[in-house]
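To start, the structure itself, in structure tokens.
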Amino acid sequence: MNTPRHDDRSERVELRTGADQIWEPVDLAAAEGKDPTPENIDDARRELEELGPAAIEKTVP
């Protein structure tokens, strides 16, 4: 008996990660569980500038 196979590679699933969207420093601070104080927002801003999307990926995979 032949079993039908689904082998259509033309169908692609588009996967998204947390870094696929634009993040503001206040968003990163909140995602890290920190209050949005000026200090935490400044830390998140520096982290985003230094690490880019990796800053998001390590917090929101």
Side-chain angles (χ1 to χ4, degrees):
M1 171 185 247
N2 289 336
T3 305
R5 290 181 25 202
H6 183 71
D7 200 27
D8 185 1
R9 298 183 193 274
S10 66
E11 289 184 33
R12 292 186 175 243
V13 176
E14 187 172 323
L15 301 175
R16 293 183 44 147
T17 66
D20 286 342
Q21 60 190 4
I22 296 174
W23 283 67
E24 296 294 326
V26 68
D27 299 325
L28 179 59
E32 291 175 339
K34 299 176 183 174
D35 290 328
T37 63
E39 295 83 13
N40 288 339
I41 292 170
D42 285 342
D43 289 344
R45 181 178 290 111
R46 281 191 294 280
E47 194 172 352
L48 285 167
E49 288 172 357
E50 291 174 14
L51 301 177
I56 307 305
E57 290 294 337
K58 74 177 194 171
T59 304
V60 185

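No hydrogens, no waters, no symmetry mates; every other heavy atom, side chains included, goes into these values.
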Applying side chain to side chain donor-acceptor pair (under 3.5 Å) to N40 and not counting sequence neighbours gives T37
In this structure, CG of L51 is separated from CZ of R46 (nearest 0.5 Å) by 12.0 Å
Which atoms form the tightest heavy-atom contact between V26 and P36, and what is the distance?
CG2-CB, 3.7 Å
Between the OG1 atom in T59 and the CG atom in D27, the distance rounded to the nearest 0.5 Å is 12.0 Å
Which value, rounded to the nearest 0.5 Å, describes the distance between D43 atom CG and L48 atom CG?
11.0 Å
Non-neighbouring partners of E24 that pass side chain to side chain donor-acceptor pair (under 3.5 Å), sequence neighbours left out:
none
Give the minimum heavy-atom separation between P25 and A44, together with the two atoms involved.
O-CB, 3.3 Å
